Every structure is written in C-alpha cells, then in structure tokens.
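Here is the structure we will look at.
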Amino acid sequence: MTPQQKATLQKLGPFIALMVVCVGLAFMSPDFLTVGNLMNVMRQVSINALIAFGMTLVILLGGIDLSVGSILAVSSVLTAMLMKAGYDPVLATLVGILAGALMGSVNGLIVAKGKVAPFIATLGMMTVLRGTSLVLSNGSPITGFSSDFFSTLGGGYLAGLVPVPVVWTLLMFALFWFVLKKTVFGRHVYATGGNPEAARLSGVKTDRVQIWVYTISGAMAAMAGVVLTSRLNSAQPTAGVGYELDAIAAVVLGGTSLAGGRGWIFGTLVGALLIGVLNNGLNLMGVSSFYQLIVKGAVILLAVLLDRAGKR
Amino acid sequence: MQVAMAGINKAFGPVRVLEGVDFSVAGGEIHALMGENGAGKSTLMKILCGVYSADAGSITVDGLPVNIRSTRDAEERGIAIIHQELNLIPQLSVMENLFLGREPRRFGVIDSGRMRREAGVWLQKVGAGQIDPTREAGTLSIGQQQLVEIAKALSLNAQVLIMDEPTAALTEHEIATLFQIMADLKARGVAIVYVSHRMEEIFKICDKISVLRDGSFVGERVIAETGFDEIVKLMVGRELGERFPAREVTPGEVRLKVADLSDEGNISGIGFEVRAGEVMGVAGLMGAGRSEILKTLFGVNRATCGQIELDGKPVVPRDPGEAIAAGIGFVTEDRKSQGLVLGLSVRENATLVHLDEYARGGVVNGRAESAAVQQLIGELRIRTRDAELDVKSLSGGNQQKVVFAKWLAKPPRVLLLDEPTRGVDVGGKAEIYHIINRLAAAGTAIVMVSSELPEVLAMSDRILVMHQGRQAAIFDARTTNQEEIMTAATGGL
C-alpha cells in the first residue's frame with residue numbers, strides 16, 4: 001500500500017465502520033433495514049449532527065465548545081416564550097437562532113479577546129446559560145404551540161417521506177462542506193487551527209475567525225434547539241444536558257483532530273450517523289439502556305485507538 | 001576510542017535514505033559531516049546513537065562489533081547526541097535536567113544537595129560554572145542551554161559527542177565559547193561529530209570532513225588539504241557556480257523611509273531609507289533588536305514613536321493585515337512556527353496571504369488558485385511532486401521557498417527577510433539568493449536580517465548594524481568588511 005492509499009483508507013475509516021455496523025445490524029435485526037426505521041434513525045441523528053457541524057469548526061480551530069447544550073436550552077425556551085406571548089412563530093424561531101448566535105459570539109469574544117482557554121470559557125458559559133434557561137422558564141417546561149409552521153420544523157415530512165430535520169441536516173451539511181472547502185473563511189479556519197501564529201503573520205484576522213466560529217457554533221446549537229422543541233412540542237429548560245459530549249464524539253469519530261487544523265465535515269456526519277445507528281440497533285435488539293452506554297463509549301474509544309494506531 | 005560505521009543501509013518504507021554508507025571518527029578529532037538537506041546526515045547520526053536501527057551494515061567500537069538498539073545502548077558505549085532542537089525540559093531546573101532519569105538518591109529520596117554539587121562540577125567542566133544549577137532551564141539563553149546539554153553528555157561519560165547544527169541559534173560570543181569547549185574536549189581525547197551547514201566554521205575548527213549526497217557516502221577529506229569549492233562540489237555533485245550570484249540593479253526612488261522608530265523597549269531611534277531595488281542588510285548580535293525592527297515595520301510590535309513612509313506616504317501598521325495591505329511582506333525567522341501551517345498543503349500555504357486575489361465574494365476560484373500556485377512553483381523552482389502534498393514533506397530549502405511564495409503571489413513593495421537562509425543547504429541558499437535578486441530587479445525594497453556575515457556582505461547594498469537596540473552604523477557593503485561590522489556590533493564604534 002502506498003502512503004497515499006493508506007491515508008485515503010484512514011480517512012474513509014469511519015465510513016467503512018458505519019457500513020460494517022449497518023450490515024451487521026441488518027443481519028441481526030430484520031427491522032433495521034426498513035425505510036421507516038432508517039428515516040427514524042436519521043431524524044434522531046439530526047439534532048446531534050446539527051450541533052456537531054458547528055462543533056467541527058470549533059475543534060478545527062483547536063478549541064472546544066461545552067456550552068452548546070445550554071445554548072440549545074436557552075434558545076428553545078426563548079422561542080417558546082415568544083410564541084406563547086403571541087409573537088409570530090417565524091419571528092420567534094429567527095430570534096431564537098439569533099440569540100444562539102449571540103451567545104456563541106460571547107464565547108468567541110471571551111476566547112479571542114479575553115485569551116481564556118476555550119474549555120474554561122465555554123464551561124463558564126455553559127453554567128451561566130443553564131441558569132438563564134431555568135430563570136427564564138421559571139424551571140418548568142413550556143408546552144403546547146398551535147403553529148403549523150413551527151410543528152413542521154421538527155415533526156414534518158418532505159414529500160411524506162423524508163423528515164424535515166433530515167432536510168435541515170443535509171442542507172447544513174452541504175453549506176458547511178462548501179464553506180470549509182471553497183471559501184476564504186474556511187481556509188482561514190484551517191490555517192488558524194493549524195498554526196495561529198503563522199496565520200496571523202500572514203494577515204489572517206485570527207481573532208475575527210475565532211469569534212465567527214463560536215458564533216456559528218451557537219447558532220447551530222440554537223437551530224438544533226428549535227428542531228427539538230418543535231418535535232417535542234415542548235421547550236425544556238433542562239434540555240440538551242450532555243449534548244456537547246455527543247457532538248464532540250461525532251466530530252472525533254469522524255477523524256477531526258482535537259489539536260486543530262485537520263478534519264472534515266463529511267467525517268462528522270458519518271460520526272453522528274455511527275452513534276445514531278448504534279443507539280438504534282441496540283434499541284431494536286432490546287439491549288438495556290445501561291448497557292447501551294457501555295457499548296457506545298467502548299466504540300468511541302475503539303475508533304479513536306484504531307485511528308491513532310493507523311497514524312503511527 | 002574509534003567508532004566506525006560500515007555499509008549502513010536504511011529505508012523508511014519504500015524510500016531508501018542511506019545506502020552502503022561508511023563513516024568513522026576517532027578520539028581527539030572533530031569530524032564534520034556535511035551534505036545537503038535530505039542527504040541522510042541526521043538519519044546516519046540517529047542510527048549511531050540508537051534512535052533508529054540500521055537495516056544492514058555494522059558499527060564497531062575500537063574494532064569490536066557492537067549492537068546499538070537503543071539510546072541507552074549508545075550511552076553505555078559513550079555515544080551521546082546533542083540535537084538541533086534542544087531537549088531540556090524548560091520547567092525543570094538545570095540540575096534536574098542534568099540528572100533526569102538517574103537522580104542521585106538517599107533512602108529512596110532525591111538527594112538534592114549531592115545533585116547540586118555534582119551538577120556544579122559538570123557545568124564547571126564546560127566553562128559554564130556561572131550557571132546556577134537550581135535555575136529553571138527555560139530561563140537560560142539558547143547558548144547556555146546548549147552548554148548544559150554538553151555537560152549532561154559529559155556526565156554520561158561520552159567519548160563520542162554528536163552535535164547537530166549547534167551554532168544555528170547562538171550569538172557570536174556563545175559560538176566562540178562553544179568552540180573553545182570543543183577544543184578542550186578534543187584535547188581530552190573526545191571524538192566530536194559536527195553536523196553543520198556553515199562552511200566557515202567547519203574550516204575553522206574541524207580536522208576532517210565526510211560528505212553525504214542522496215544517501216550515499218561520497219568522500220572523506222582532511223580539512224587542511226581541501227577547500228570550499230571541492231566540498232561544495234562533493235555535496236551537490238556539480239559545480240555550483242557563484243556562491244552569491246551578482247545583482248545588476250540600479251536602485252530607484254526611496255521606497256521605505258524610517259525615522260526615529262522606537263518600540264516598547266527593544267529598539268529606539270532607528271532611521272534609514274531603502275530604495276526600490278535595494279537590499280538593506282541588518283547585522284548585529286542576537287538580541288540587538290534586529291528582528292524587532294522588522295516586527296515593528298510589520299505591525300507585530302507596537303511602535304511607540306517615529307515615522308514610517310512608504311513611497312512618500314506615511315503608514316502606521318497596527319497589525320500584519322494593515323502592513324500587508326500597504327504592500328509590506330515578511331519572511332519570518334522560524335518557518336516551522338511562524339512561516340508555515342505544516343499540516344496544510346503546499347498550495348494552501350502558498351496562497352494563504354493573498355487568497356483574496358483568487359476569490360470572489362469570499363468564494364475561492366480553485367482553478368485560478370491552482371494555476372497561480374503552479375506558476376509560483378515554477379518560478380521559485382519549488383521541488384515537490386504535487387502541490388497538494390503537505391508542506392512538511394518538503395526539504396528545508398523548498399519549505400523556505402514556499403514561505404517566499406506566500407508573498408510573491410502579489411509582488412510586495414517592501415519585503416522584510418529575517419534569516420532567509422537559516423537551515424537551508426548550499427544549493428537551496430543559492431536559489432534563494434537568486435529569488436532575492438529577482439525581486440530587487442523588479443523594484444522591491446528589501447530589508448534583510450542575517451546572522452551570517454558573508455551573506456549580509458555579499459547580498460546587501462548597504463548594511464545597518466545594530467547594537468543593544470540602537471543603530472550603531474550604516475555601512476556601504478562594497479567598502480566595509482566583517483571586522484568593521486563586528487566592531488560596530490559589539491559597541492566598539
């Protein structure tokens with residue numbers, strides 16, 4: 001095998017793993033390979049995938065965003081409150097997503113201008129925003145929205161077959177792929193993550209790149225929040241706890257380096273699907289949710305260890 | 001003690017790095033190992049000190065075959081290496097570094113008193129008795145750190161000392177100290193293998209020289225019986241032509257005018273003019289503020305007073321982006337940490353500065369970008385199989401050409417060069433000089449900081465000499481000489 005072939009194989013590793021798991025599950029459970037079930041899996045995956053797309057940019061910068069779960073909660077509470085107060089659902093949705101972007105930009109400012117380590121900055125914001133969502137909602141869920149528009153966002157189907165969240169996910173995937181691959185901004189993300197000093201000395205406004213990336217991550221978390229709220233027809237102030245870890249797992253499973261500068265959005269989509277398919281398969285086989293956690297964690301560790309071994 | 005390597009082969013995957021290499025060094029001898037980057041010098045030395053093992057061939061010590069499988073094996077045979085990138089742990093003290101992994105103990109607890117005393121003795125032996133053994137290693141200068149490494153090697157009872165580019169980051173004074181210590185070690189019968197690109201030094205201190213080219217041994221010479229030209233010919237396998245290509249440029253109008261420039265404490269009162277097509281060399285000792293002039297002009301350091309004029313218009317770059325917009329380029333000193341994003345491809349690095357040139361509304365036109373990169377690769381003669389390869393897979397000289405390429409996609413009005421040929425082999429240096437000359441011919445004003453005096457003298461039109469943050473003199477390069485420059489640089493003017 002030439003080094004190039006090896007590199008390609010390495011890059012496609014997560015995809016191959018996904019295929020293997022799918023084939024395995026198809027044999028083990030007759031229900032797995034049905035259109036209905038696959039669409040169901042994709043719909044479940046979409047929340048994590050949306051967050052993980054934003055997280056991919058953050059991790060490409062060598063950062064981390066622990067606040068996504070809390071941003072999701074604040075945004076969904078905010079959107080729900082606005083709708084309950086009688087505002088237009090379209091407006092409420094947009095304000096929710098914009099608020100997510102704003103919260104993300106605060107992360108970015110703390111990291112870029114305050115020079116605080118991303119882990120600490122977003123850990124602090126995670127706690128502050130969780131409190132905010134509890135304060136806003138007074139600690140109780142907000143339920144019952146009577147808007148067709150809003151319930152379609154998370155619960156509808158396109159052409160009676162493809163769940164709307166899956167459509168969002170694919171659209172966002174295409175957008176992120178384009179941004180990372182084809183735009184000046186995308187190149188600056190890779191350069192800043194790979195070597196911030198060299199990027200800065202090449203005229204890249206690295207502060208601005210960082211702030212934008214955290215802003216995007218916030219907006220994506222808010223978007224996931226809207227989808228989730230719509231699907232459940234309820235905004236929970238405690239929603240999204242632990243979601244940051246699933247998103248990070250998807251990014252890392254997809255082969256993006258936590259050190260920054262290296263990775264791709266396709267890997268993240270595959271990573272999110274892998275986690276979703278595993279969950280679904282274990283459910284179909286009737287494995288208890290306690291064991292599911294063990295299996296899920298072990299698979300993540302195994303995947304990263306294999307990745308390490310291949311790079312040596 | 002005599003160490004001989006014979007018929008050494010080594011391959012990494014399909015790439016043959018060494019083929020049938022012979023090399024030997026004897027006690028009381030300083031033996032230079034030369035060759036262009038990628039010739040296999042480092043690999044050969046890493047085999048000798050147990051970092052790699054050879055695929056074939058033998059190593060003998062005083063005629064007896066030995067098996068070196070690890071650095072520990074090598075240390076037991078008295079073979080030690082001082083790497084180019086120093087290996088001290090900056091947060092630990094000097095003595096903790098010296099005795100790392102073999103700390104003197106008493107009742108199972110580290111005996112710091114003894115450690116300090118013994119460290120003091122070893123430091124004394126390398127003429128570094130003034131270094132406090134309890135000081136944090138990271139606070140020492142590079143030269144002092146190197147002395148600590150040598151002391152460590154001696155404390156391991158090294159009989160063969162391999163030094164990889166030891167003078168690359170040292171000041172003139174530190175180099176003089178180092179050479180004195182090397183002479184002492186030689187007199188005590190230690191064998192020293194000296195890996196360097198600096199021809200002047202090799203002819204000054206070495207006894208013998210071995211040359212590698214493309215993984216093969218091409219010859220051993222006694223220094224006294226050979227000359228610069230022969231060695232270069234052995235290294236590159238052809239006549240090199242002139243070492244410093246001549247430049248036929250008549251400088252034009254004043255491009256860059258600097259008056260009374262000061263920053264936050266490193267430099268003050270700097271004033272000079274550079275014309276279009278002119279090369280202004282900047283000489284001085286390390287820490288004299290040479291790089292700081294460039295950093296201030298480029299907006300990395302903040303200017304506290306003074307004026308900068310570009311083509312008669314005042315500019316005050318507050319960050320690199322503004323400097324670039326004004327037409328200033330900066331080839332930084334350390335290409336790995338400041339010049340390149342090593343994980344990105346040759347293409348992505350080459351277009352990092354001027355990516356907007358190939359983009360519309362923030363979207364990059366891939367075809368235009370690739371075409372521009374192909375042109376740069378051709379113009380600068382960057383040797384790479386493919387522009388999509390990671391830039392880190394290139395040799396040092398070719399990496400440096402990629403750093404130049406970043407700035408040349410749109411010819412700069414002023415190009416600042418900080419040690420533009422550091423760690424570049426002879427062939428690569430000549431090519432970089434050609435690039436500098438071509439830029440000057442095209443009207444770029446160039447400010448070049450360099451620690452290699454022959455380079456500064458040959459490549460500059462005028463030379464600004466720095467001493468302790470102030471400019472000591474500006475000489476005409478045609479009429480000055482190394483002695484005059486060194487006198488000014490050490491404050492003797």
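To find a chain, count down the sequence lines: A is the first, B the second, and so on, and within it residues start at 1. All values derive from a computational prediction rather than experimental measurement.
Nearest approach of B/Leu352 to A/Ala199, heavy atoms of both residues: CD2-CA, 4.4 Å. Listed here is the closest heavy atom pair of A/Thr183 and B/Val364: C-CG2, 3.8 Å. Looking at every heavy atom in both residues, A/Lys205 comes nearest to B/Gly321 through NZ-CA, 3.9 Å. For the pair A/Leu201 and B/Trp407, the tightest heavy-atom approach, listed with the atom from each and the gap, is O-CH2, 3.5 Å.
Of the options B/Thr351, B/Asp356, B/Val363, a side-chain contact (heavy atoms from CB on, under 4.5 Å) to A/Val184 is made by B/Asp356 and by none of the others.
In this structure, the side chains of B/Thr332 and A/Glu197 stay at 4.5 Å or more apart for every pair of heavy atoms. The closest side-chain heavy-atom distance from A/Asn195 to B/Leu342 is not below 4.5 Å.
Heavy-atom contacts from other residues, nucleotides or ligands closer than 6.0 Å to CZ of A/Arg208 number 12 or fewer. Within 6.0 Å of CZ in A/Phe15 there are 12 or fewer heavy atoms belonging to other residues, nucleotides or ligands.
With hydrogens and angles disregarded, no donor-acceptor distance shorter than 3.5 Å links the side chain of A/Arg187 to the backbone of B/Leu355.
Using a 4.5 Å cut-off between heavy atoms, A/Val179 makes no contact with chain B at all. Contact annotation for B/Ile324: only side-chain heavy atoms (C-beta onward) come within less than 4.5 Å of a heavy atom of chain A. Looking at B/Asp319, the atoms closer than 4.5 Å to chain A (heavy atoms on both sides) all sit in the side chain, from C-beta outward. B/Phe298 touches chain A through its side chain: at least one heavy atom from C-beta onward sits under 4.5 Å away, while N, CA, C and O do not.
Ranked by heavy-atom pairs under 4.5 Å with chain A, the list B/Ala359, B/Ala323, B/Gly362 is led by B/Gly362.
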